[in-house]
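Below is one structure, written out as structure tokens; the observations come after it.
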Number of protein chains: 2
Amino acid sequence: MAEASPISVAFGKAIRQERRKKGITQEELAEKCGLDRTYISQIERGLKNPTLPVAWELAINLEINFVTLMAAALQHIPGASH
Amino acid sequence: MAEASPISVAFGKAIRQERRKKGITQEELAEKCGLDRTYISQIERGLKNPTLPVAWELAINLEINFVTLMAAALQHIPGASH
DNA sequence: GTGTGACTTTAAGTCCGTA
DNA sequence: ATACGGACTTAAAGTCACA
């Protein structure tokens, strides 16, 4: 499958990082969010471009501030100084 | 058209706010972003759920930090303490 | 200069499976 | 517990004519 946009790739890395930090599985996170497990997998691997509501839901269920999550994502982008 | 999710509605308000702050029109912003003017209109009115890459592109062309933009969006959500 | 509805095309998001 | 793929359904992307 083709890779998504840089921001989505970075977002995926942040999600994986936070999920592991919480010690939960993709399946658990998926269920909490009401999303499919394979979709979480695709997001974490940077293969999909999630919508704002999806990003929001992920933040809520990872119990991390939405803005903090976005900031974490930016850490994974080389030229992240906008 | 049906209203989008709360985060998208809030995001739309932030976009409109920042765009006006920059003193540019929807048409100008649309051209910079390579998007359609009417699509910008729909986002600002909270009728669409933009993807991360779209939000990213808007931030770049509004010359605002992505995280800052998201923080501005949260200001428009009542219970924004996640 | 923007709002709006209807529209077509593309990608998000699901569900099945295999490894 | 996750990667990966194919086929599928739904929603977002993107456009247009008109008010």
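Side-chain atoms are counted along with the backbone in the values below, which use heavy atoms only and exclude waters and symmetry mates.
- The distance from atom CD of A/Glu57 to atom P of C/dT14 is 11 Å, rounded to the nearest whole Å.
- Atom CZ of A/Arg16 and atom P of D/dT2 are 8 Å apart (whole Å).
- Taking atom CD of A/Glu44 as the reference point, atom P of D/dA3 lies 7 Å away to the nearest angstrom.
- Whole-Å rounding puts the B/Gln26 CD to C/dT4 P distance at 11 Å.
- Tested against A/Glu44 for a side-chain contact (heavy atoms from CB on, under 4.5 Å), the candidates A/Gln17, A/Arg20, A/Arg16 yield a single pass: A/Arg16.
- Checking A/Arg37 against A/Ser41 by side-chain atom types alone, no donor-acceptor pair falls below 3.5 Å.
- Summarising the local packing, CD of B/Glu28 is surrounded by more than 12 heavy atoms from other residues, nucleotides or ligands at distances under 6.0 Å.
- Applying the salt bridge (Lys or Arg N to Asp or Glu O under 4.0 Å) criterion to A/Lys22, with sequence neighbours excluded, gives A/Glu63.
- Contacts of B/Glu57 classified as salt bridge (Lys or Arg N to Asp or Glu O under 4.0 Å), with partners at least two apart in sequence or in another chain: none.
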Quiz prompt | Contact pattern, 5' to 3', of nucleotides 9-19 of chain D - B, S or - by protein heavy atom under 4.0 Å | solution = ---SBBBBB--
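- Around CD of B/Gln42, the count of heavy atoms belonging to other residues, nucleotides or ligands within 6.0 Å exceeds 12.
- Within the 4.0 angstrom heavy-atom criterion, no nucleotide atom of any strand lies near A/Arg20.
- At D/dA1, none of the side-chain N or O atoms of A/Arg19 fall inside 4.0 Å of OP1 or OP2 (strictly under the cut-off).
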